[in-house]
Amino acid sequence: MEKYAKVVVSNNSNHTDELYTYKIPEFLIDEIKIGHRVLVTFGRGNKPIEAFVFEISSFKEGDFKVKEIINILDENPILKKRDIEIIKWMREEYICTFMDAINCIYPKGMRVDNYKVVKLIKKEFDNLNKKEIKVLDEIMKNKGKIKVEILKTKLDNSVENIIKKLKDKGIVNISWEYKSIKNEKYIYNINLNILDDEADETVDNLIKKRAFKQADIINFLKNNQNVEINDLMDLLNISKSSIKSLEEKGLITIEKLDYYRKPKTNYEVKNKKINLNEEQLKVISKLKKSMDKENKNPFLLYGVTGSGKTEIYLNIIEEALKKNLDSIVLVPEISLTPQTIARFKNKFKDIIAVLHSKLSNGEKYDEYRRIKEGNAKIVIGARSALFAPCNNLGVIIIDEFHESSYKSEMNPKYNSIEVAKQISKTENCILILGSATPPIEAYYKCKVGEYELLELKNRANNKEMPSIEVVDMKEELNNGNKSIFSKSLFEAIKENLQNNNQTILFLNRRGYASFVSCRKCGYIFKCSNCEISLTYHKRKNVGKCHYCGYEMNIPKECPDCESNYIKEFGIGTQKIEEEVKKYFKDAKVLRMDKDTTSKKGAHEEILNKFKNKEADILIGTQMIGKGLDFENVTLVGILAADMILNFPDFRSSERTFQIINQVAGRAGRAHLNGRVILQSYDTEHYSIEYAVNYDYEGFYKDEIKIRNAFNYIPFNNLISIVIYGKNEKKVINNIQKLYDSIIYILRKRGYENFDFILGPNPCPISKINLNYRWQILLKDINVEIKLLKSIIKYICIQKRELIFDQDVNISIDINPFNIL
DNA sequence: AGCACGCCGACT
DNA sequence: GTCGGCGTGCTC
């Protein structure tokens, strides 16, 4: 019986984003399955291309000529049925292509590499012109076979035409070749294959034959076992040939072993014996009970900082292991959560796989294989770990799920929480969303019964949350204090140093000063690529753009009015470091921000130093607010709490509330009492007032009213479409066309009111990396989100060429985390 | 996207 | 008359 497969071709194009039907050749009929990776020829050029089988049927629908699948590319399907469901769902949800979604689940690095080759088949050089002979010369130089691409670089682009002629004349043959990139790595262990006393005799014989190197090897192996081939070659300064000839003589054995490139972490914590409190036990029993239920709602684990959420995670994973189920744990950022990961590693040892974006393709491949083969049962990682190829999922845990890193910035711009929900549905596993400051929309879902709320109201050590003292910086200024430290923060730091306790100072901006300007004419130094003022970095005397990395030296004279009144304004972590050193000469200070942690392992180094009390004061940006546990920190200073409030973004209040909570939670985690001093110019904003009292419920009640009034999440969805490009006029012209097209289609469907479309407007950051950016925001107020998405897909993808210029880019984001 | 086909002007 | 330049349209 004839069989057909519907496949997605691995072609990076919007125009080929559909299912293509191929005939399954006889020899594959019993073998091919949904999810298999196959090789097909595609397009008029019959280019071999990788494809993914999405459906298999015994008939073809429609009238077109079918091609045959050439072969399968892996022994077993690479995508599971649930993967295909998730891919289809993502494509709809985030307006992306099949391939965009597949690239999330099945990462690149193991793809086919294909190329066209010309082969000489007949040596007949009569009636040929000069160019043809030149081409044939090159082919012959390369033993009668050469890649067309290489031929093109050696000669010129007319090669394709010439070889086609040669092909017509029957002199050459053009074909496609491909090779699978193998990512498996092996180690070769070498051992002696003879007894020790035989070895001495052998060594003598070898020396007689002047095979000194081989003698060396035997001598070395006499004292060492399981020597890795590369080590052996390095240590004895020998080549592979000596080893090979020893193997041929049967004197040594070479054992081929799988090598898993295990990523290293170098942060250790002791395994404390922990007695769970009543609250924790209640939560755990609830979660355990639900594991066997059908149709589970996601759980929102709302636990104040230090309430022992990680302990709950460990217990649930243990339960999953008992049922022989896998677990996935997502953390906001691997390098920022070494303590959490160390705790998991301590408990579960080597059945843990750690995945993150900094792994090499080979390392990633190894971890994937360990998971697939069941050698790793617990996966910890950043958002992409969600797609790990687990065999049978028992639980997905998303820690600190309010963090913005769970939203992908790249296409597809997926939200890990939504994808996790989808995966947990298809796998029927439980989903735990943990946070001390849940996003407003998630808490709302608890209220309407979409999530089940689990609460940990008390800190595990029964300590109260540290009290937060608010200092109005306007008043400080009125009282003549121009320094960045208020009087009370200054005194507190001093006292803390005297008592030999540790202090954390938090400021959400790195660098020295937030901007540099001329006091005479008001000139502000800006990035030449972005519409962003440059942050001043004093050590190098440069202005740095924190968006594109641009740097420029700050001159003494104003480039505009040539005066000498150049001064830096605003504060950054560098400036704080300088001030601390100025006022507290004996204090040992560490700074942790993007500038001090760019080196690999720098995070751990700084955190370790601080933990070991090698420093008294840690100054840092948001980085320090994440799941870190320092016993001796008794004072936290928040230097400019209202900084985030000034962002033109609907989530800025929420973010302010979250950050204050997170950072404050760093104080007094162990036996000592903590104290938090919060400095702000705006002390009356509701997000600061509620944060100071740790009143999440109160903040929620106010914030949800605002969300409702302005039709924001969770009451409405928000779609952001940004058009960006180097040519500002074109960008404006194109965004207008986009607006007009949307209006045109909606009018035809009978809509008259377009208040729900905001824009077109320049983005709050109107230029990044030389690209001008304009934006349209849509809320699904009186138009169904599905309809809006289909209209956007039609305009921005299907009819893209017709409506937009080539050199502008379109970015579509469904429910973006920020709209900058 | 990326490739082949095809139509038209500039050359041996 | 042919080469080769780019516009057009399709990909199972």
Side-chain angles (χ1 to χ4, degrees), chain A residues 2-26 28-29 32 34 36-73 84 91 95-103 108 111-118 127-135 147-149 151-153 155-169 174-178 411-412 793 796-810:
Chain A
E2 287 193 334
K3 275 205 159 183
Y4 298 91
K6 285 192 180 179
V7 305
V8 171
V9 291
S10 176
N11 203 14
N12 187 24
S13 162
N14 290 327
H15 306 286
T16 53
D17 182 43
E18 50 188 299
L19 294 175
Y20 289 96
T21 309
Y22 281 83
K23 194 168 179 248
I24 301 174
E26 189 85 36
L28 283 178
I29 280 185
I32 219 159
I34 286 176
H36 246 122
R37 200 164 65 106
V38 295
L39 190 73
V40 297
T41 57
F42 190 69
R44 281 201 260 208
N46 278 331
K47 184 183 175 177
I49 198 172
E50 178 192 33
F52 299 86
V53 178
F54 269 48
E55 286 171 34
I56 291 175
S57 63
S58 47
F59 53 88
K60 72 178 179 104
E61 309 148 44
D63 184 31
F64 48 79
K65 59 177 182 359
V66 279
K67 293 180 186 172
E68 272 198 352
I69 287 173
I70 298 175
N71 214 332
I72 49 176
L73 285 170
I84 289 171
R91 180 171 174 262
I95 316 187
C96 67
T97 63
F98 280 123
M99 280 316 296
D100 283 335
I102 289 173
N103 285 338
K108 290 175 186 169
R111 296 294 171 84
V112 281
D113 175 22
N114 49 49
Y115 44 85
K116 221 182 205 176
V117 290
V118 226
N127 301 324
L128 296 178
N129 64 31
K130 270 185 226 157
K131 275 198 158 176
E132 289 170 332
I133 289 174
K134 222 174 170 185
V135 168
K147 288 183 193 175
V148 176
E149 282 308 309
L151 204 54
K152 269 189 190 170
T153 58
L155 302 168
D156 58 275
N157 274 346
S158 62
V159 161
E160 296 261 12
N161 285 323
I162 300 166
I163 58 173
K164 204 185 158 226
K165 288 250 170 66
L166 289 169
K167 188 193 163 192
D168 292 342
K169 288 180 187 169
I174 302 170
S175 59
W176 281 90
E177 289 192 358
Y178 68 94
N411 243 339
K793 187 169 186 173
C796 297
I797 293 175
Q798 281 154 271
K799 297 287 168 208
R800 190 197 194 285
E801 276 78 13
L802 246 89
I803 300 165
F804 302 102
D805 288 315
Q806 279 262 307
D807 50 347
V808 299
N809 298 288
I810 306 170

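Side chains included, hydrogens not; waters and symmetry mates left out as well; all remaining heavy atoms used. Naming convention: chains lettered A, B, ... in sequence-line order (proteins, then strands); numbering from 1 in each chain.
Under the 3.5 Å distance criterion, with hydrogens and angles disregarded, a donor-acceptor pair is assigned to the side chains of Glu801(A) and His15(A).
Remark: Asp805(A) engages no residue in a salt bridge (charged side-chain N to carboxylate O under 4.0 Å, His left out) (not counting sequence neighbours). Residues passing the ring-ring contact (aromatic ring centres under 6.0 Å, His included) test with Phe804(A), sequence neighbours excluded: none. For the side chain to side chain donor-acceptor pair (under 3.5 Å) test, residues two or more places apart in sequence or in another chain that qualify with Asp807(A) are Lys730(A). A search for ring-ring contact (aromatic ring centres under 6.0 Å, His included) contacts involving Phe98(A) returns Phe54(A), not counting sequence neighbours. With sequence neighbours excluded, the residues forming a side-chain contact (heavy atoms from CB on, under 4.5 Å) with Ile803(A) are Lys737(A), Ser741(A), Ile795(A), Lys799(A), listed by chain and number.
Under the side-chain hydrogen bond (donor to acceptor under 3.5 Å, both in side chains) criterion, the residue pairs touching residues 57-68 of chain A are Lys6(A)-Glu61(A), Asn46(A)-Lys67(A), with sequence neighbours excluded. Within the structure, the salt bridge (Lys or Arg N to Asp or Glu O under 4.0 Å) test picks out the following pairs touching residues 9-19 of chain A (sequence neighbours left out): Asp17(A)-Arg91(A).
Glu801(A) comes within 4.0 angstrom of sugar-phosphate atoms only, judged by non-hydrogen atoms across all strands, and of no base.
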Kindly give the atom pairs (protein nitrogen or oxygen, nucleotide nitrogen or oxygen) under 3.5 Å for nucleotides 10-12 of chain C.
from, atom 1, to, atom 2, distance (Å)
dT11(C), O3', Gly43(A), N, 3.3
dC12(C), OP1, Tyr22(A), OH, 3.1
dC12(C), OP2, Lys67(A), NZ, 2.3
dC12(C), O3', Thr21(A), O, 2.6
dC12(C), O3', Lys67(A), N, 2.8
dC12(C), O2, Thr21(A), N, 2.8
dC12(C), O2, Thr21(A), OG1, 3.4

Quick test: give all pairs of protein nitrogen or oxygen and nucleotides 3-7 of chain C nitrogen or oxygen below 3.5 Å, distance rounded to 0.1 Å.
none

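Atom NZ in Lys799(A) sits roughly 13 Å away from atom C1' in dG9(C) (whole-Å rounding).
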